[in-house]
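The structure under discussion appears below in the form of structure tokens.
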Amino acid sequence: MKIDGGCHCGHIAYEAEVDPAKVLICHCTDCQTLSGSAFRTVAFTEPGTFKVRSGELKIYLKTAESGNKRQQSFCPECGTPIFSTSPDDAPDKVHSLRVGSIRQRDTLIPKRQSWVRSSQRWLGGMPSLPGSERG
Ligand SMILES: [Zn+2]
Ligand SMILES: [Zn+2]
């Protein structure tokens, strides 16, 4: 599926192809911190299809407990997280796109969850919380 997206301030724009069957929710504590939210929703690109159309991303190299390194890329102007990927320059690498930055995000429905053991306990009760249509 062809998608496009960008950051909140408009500095970064990109396009890619993703597999809608592999959209994932990650509850790991790194995703909680790096997203500033309870969990992160990720869509994986088809290898080598991610292209930046405009802007230049800022990179933060994250080292996991295992020693594994991941490149976290975000807009240097507004901080919107855009993707993570391996720190090498392989032309066929996969980018883990942050679904909130994808214009077609309403059609990308999560199909599985990872790191459920660190998920926030209140998530299951969300449908019963009082809500308002706006604001
Ligand atoms: Zn921005
Ligand atoms: Zn995670």
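Order of listing sets the numbers, starting from 1, for every ligand and every atom in it.
Under the 3.5 Å distance criterion, with hydrogens and angles disregarded, a donor-acceptor pair is assigned to the side chains of Gln104 and Asp4. If you check the side chains of Ser96 and Arg70, you find a donor sitting under 3.5 Å from an acceptor.
The angle that Cys28 SG and Cys31 SG make at the Zn ion (ligand 2), rounded to 10°, works out to 110°.
Ala43 and Val99 get closest at one heavy-atom pair: N-CG2, 3.5 Å. The minimum heavy-atom distance linking Cys9 with Glu77 is given by the pair SG-CB, 3.7 Å.
Side chains of Leu24 and Ser114 form a contact here, defined as non-hydrogen atoms less than 4.5 Å apart.
Among protein atoms, those of element N, O or S found less than 2.8 Å away from the Zn ion (ligand 1) are Cys7 SG, Cys9 SG, Cys75 SG, Cys78 SG.
Ring geometry for His95 versus Phe50: interplanar angle under 30°, hence parallel rather than tilted (30 to 60°).
Taking backbone and side chain together, His27 holds no N, O or S atom under 2.8 Å from the Zn ion (ligand 2).
Within a 6.0 Å radius of CZ in Arg53, other residues, nucleotides and ligands contribute more than 12 heavy atoms.
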